2 protein chains.
Amino acid sequence: MTNLKQIAAELSLSVTTVSRALKDGPEVHPATIARVKEVAQRVGYVPNHHGFALKTGRTLTMTAIYPMETKDHLSDLLKLPLIEGMTLAARQAGYSLSIYSTTPDDDPIESVQRQLQAGSTDGLIITRMVSGDPRVKLLLDRGMPFVAFGRTDLDTAYPYVDIDNEQIAYEATRRLMDKGCRRIALQLLVPGDQASAMRLSGYGRAMAEAGIPIDQSLIGHGMFTMESSAAWFDRMLAWSDPPTGLACANELGLLGALHALGRRGLAPGSDIHIVTRDSTRLSRFLPAKIGVHFVDIAGVGRKLVEVLESRIANPIGPVATVLFKGEFDPGE
Amino acid sequence: MTNLKQIAAELSLSVTTVSRALKDGPEVHPATIARVKEVAQRVGYVPNHHGFALKTGRTLTMTAIYPMETKDHLSDLLKLPLIEGMTLAARQAGYSLSIYSTTPDDDPIESVQRQLQAGSTDGLIITRMVSGDPRVKLLLDRGMPFVAFGRTDLDTAYPYVDIDNEQIAYEATRRLMDKGCRRIALQLLVPGDQASAMRLSGYGRAMAEAGIPIDQSLIGHGMFTMESSAAWFDRMLAWSDPPTGLACANELGLLGALHALGRRGLAPGSDIHIVTRDSTRLSRFLPAKIGVHFVDIAGVGRKLVEVLESRIANPIGPVATVLFKGEFDPGE
DNA sequence: CTTGACAATCGTAACGTTACGATTGCATCC
DNA sequence: GGATGCAATCGTAACGTTACGATTGTCAAG
């Protein structure tokens, strides 16, 4: 591992001049800059991360707090394109992305505090926003740059990137109504999180417009595994008045529901209609007629990094808020 | 952000003593240790990562090099449990895990060299091993601790965790033969990688045992998206003598194949039989009779971290090599 | 010839941590 | 009472980097 000192020694220059030359400092003679860069290139000099971080306070690291809904089960395929989008964008922006996994046992606030105290990151990507999320105030107060994947219902302005879950659920419900459905079941993910609240809101708006009262028993919470989705939908199918429409939370919810349906020899398209949100295009490869909202989650990942990057560069600038719309494909 | 100096000032001790006290140094008076720890606790002291790293050379960071087969498409669901297993285990071991994404444009060797030169990681997790993989020698020569996800055909001993792809493909092929299949198609992932070579080897062994000559046109390379798998299988189904058995590379390959089958009104179970490897249990929720090899990929991720951790702790110790077997479920 | 301006380079200190050797105080021993 | 040993603590230097102010040399203007 080479350092500035070695380059300086080789050229009989001071460490200072070498340091400046490598960042094209105007005080350094152009010819010297060229010589320094030539040697740096030749010996494969790469700045030492920790020396830089210690001196400047900039760590060139972003941390994504990654919540796992369960310890063992697959919980949302969305995470795959999200991670791919984030890691690739972070790398291209010159940051390394550290992933801090949390289980349901972990306190979300404590996870953030830990990152704050450790001081080993320039910025945080937080997800799974809840109503009145206390992490926002905490991070703003401490001046730690961050971006949230998801909005919340605070007065405070803060940077976020979100999916328009309200619109997606509204449109999904409307599409099901267009098919003639009136008893429409809705899958929600983690109870209490903002994404689910928005879905519920969009669903409620569509139902209200159509004058259909909401039947709470049609709303499924905690549908973040194929198993839970299948069991929930299976119970409903046994009712005397089963739902005729279903809005799934995501690909896994869809797979679970299709599984329950298939076991009874049913398929979506005639008696029952299904729509879902999809971030992997996986639903398009299933042998079933389903309406799909595609959302560009890799794009969300890239945007999160981009917003966080500008936030780190200018922590007191205006906050960016970005909303990704879903694109509906009726799947006929 | 508090540091040792502040704690030292508060207790009128030297920084040295505080540093030692926090790691229970035997030279420090027990009562002093208690006082120091009490203050550290109260002010929320967390050691500064970069100061520590600069001084000791230990970064407490592991880096996983994460290859993306394509820039845009979902390429293997295996990555999700792998990342979850790795990140969680790394965190529990006191390391942070950095993910370095690479695209097909990136040179794998250069990616490793970059990590070596940057010196900002204690150890590397490399994947997608190829025949005679030059990264192994490079890392061994430079003394950088690492662990590979996958074996390769080198004489050199090096630590790895792998899935027994040879056995899985062998057993998959045998199972298909038990169903009466003789024309058996095989899906392989990245051309040239070792996992695919092992699959091919296991397939070849089973075919040889059964005395069936290998038809190269039944072997599909580059089947790492649902799209490519569907297109490939669709072409085969149009033949006058289509395959009667198919061994899929993974869940996505399976989805693609089922899609192609479904469009022709066919389903696995009678004319054609399908087996696949699965790391998400997703195939069990599909409305199709397929044999499945389950592999505990989250366990692989945890094991990778565990092996790397012991490698970092003792870089010249014996190399651990771990093989994960698949568990077959005929899916009747 | 002196002064001033300017370009180019240098030296020192500091970020927070740990390793090493030095120092202090105190009891014990001959 | 001075030497010895030991426990507890301290001071300094170093890891690699950057920021700041200082220093050198050159050249033109007065």
Side-chain angles (χ1 to χ4, degrees), chain A residues 1-37 39-40 43-61 94-96 115-122 312-313, chain B residues 1-37 39-40 43-61 94-96 115-122:
Chain A
M1 284 207 351
T2 58
N3 53 26
L4 292 182
K5 204 193 243 176
Q6 291 169 32
I7 298 179
E10 175 151 351
L11 290 168
S12 302
L13 284 172
S14 73
V15 171
T16 304
T17 302
V18 173
S19 171
R20 282 183 175 149
L22 286 173
K23 45 182 72 69
D24 287 311
E27 315 97 323
V28 186
H29 194 283
T32 309
I33 293 185
R35 281 191 305 146
V36 168
K37 286 192 172 173
V39 174
V43 300
Y45 171 76
V46 175
N48 180 288
H49 203 110
H50 302 290
F52 178 87
L54 190 55
K55 180 62 181 137
T56 63
R58 298 194 54 204
T59 67
L60 297 180
T61 299
Y95 284 84
S96 66
Q115 293 296 326
L116 280 170
Q117 290 174 340
S120 48
T121 192
D122 284 345
I312 291 170
Chain B
M1 284 209 348
T2 58
N3 53 25
L4 291 181
K5 205 193 239 174
Q6 290 169 33
I7 298 179
E10 175 150 351
L11 289 168
S12 304
L13 284 173
S14 73
V15 171
T16 304
T17 303
V18 173
S19 172
R20 284 183 173 151
L22 287 173
K23 44 183 71 71
D24 287 313
E27 315 96 325
V28 185
H29 195 283
T32 309
I33 293 185
R35 280 193 305 148
V36 168
K37 286 192 172 175
V39 174
V43 299
Y45 170 76
V46 176
N48 179 288
H49 204 107
H50 301 290
F52 178 87
L54 190 56
K55 181 64 182 133
T56 63
R58 297 195 53 202
T59 67
L60 298 179
T61 301
Y95 284 84
S96 65
Q115 293 296 326
L116 280 171
Q117 291 174 339
S120 49
T121 191
D122 284 345

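In what follows, every chain begins at residue 1, and chains take the letters A, B, ... in the order their sequences are listed. Quantities reported herein were computed from a predicted structural model and do not represent experimental measurements.
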Along DNA chain D, first and last positions that approach a heavy atom of chain B under 4.0 Å: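 From 5' to 3', the first and last contacting nucleotides are D:dA8 to D:dG16.
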Option from B:Asp24, B:Thr32, B:Val18, B:Ile7 for which side chain to side chain contact (heavy atoms under 4.5 Å, CB included) with B:Lys37 holds: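 Answer to the side chain to side chain contact (heavy atoms under 4.5 Å, CB included) test with B:Lys37 among B:Asp24, B:Thr32, B:Val18, B:Ile7: B:Asp24.
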CA sep, side-chain torsions, deciding dist, call: B:Arg35, B:Leu11, side-chain contact (heavy atoms from CB on, under 4.5 Å): CA-CA 8 Å; B:Arg35 280 193 305 148; B:Leu11 289 168; 4.1 Å; yes
From [X] [atom1] over to [Y] [atom2], what is the distance, rounded to the nearest 0.5 angstrom?
X	Y	atom1	atom2	result
B:Lys23	B:Ile33	NZ	CD1	11.5 Å
A:Thr2	B:Gln117	OG1	CD	7.5 Å
B:Asn3	B:Ser19	CG	OG	12.0 Å

Aromatic plane relationship, B:His49 with A:His50 - under 30° parallel, 30 to 60° tilted, over 60° perpendicular: parallel
Residue pair A:Tyr45, A:Leu4: steps toward the side-chain contact (heavy atoms from CB on, under 4.5 Å) verdict: CA-CA 8 Å; A:Tyr45 171 76; A:Leu4 292 182; 3.4 Å; yes
Residues in contact with DNA chain C, drawn from residues 12-25 of chain A - heavy-atom cutoff 4.0 Å: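 Residues of residues 12-25 of chain A that come under 4.0 Å of DNA chain C are, in numerical order, A:Ser12, A:Leu13, A:Ser14, A:Thr16, A:Thr17, A:Arg20.
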N/O donor-acceptor pairs under 3.5 Å from side chains in residues 51-61 of chain B, not counting sequence neighbours:
| from | atom 1 | to | atom 2 | distance (Å) |
| --- | --- | --- | --- | --- |
| B:Thr56 | OG1 | B:Phe52 | O | 2.7 |
| B:Thr56 | OG1 | B:Arg58 | N | 3.1 |
| B:Arg58 | NH2 | B:Tyr95 | OH | 3.1 |
| B:Thr59 | OG1 | B:Thr61 | N | 3.3 |
| B:Thr59 | OG1 | B:Asp122 | N | 3.1 |
| B:Thr59 | OG1 | B:Asp122 | OD1 | 3.0 |
| B:Thr61 | OG1 | B:Thr59 | O | 3.1 |

Toward the 5' end of DNA chain D, by each residue's nearest nucleotide, B:Lys55 or B:Val28: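 It is B:Val28 whose nearest nucleotide is closer to the 5' end.
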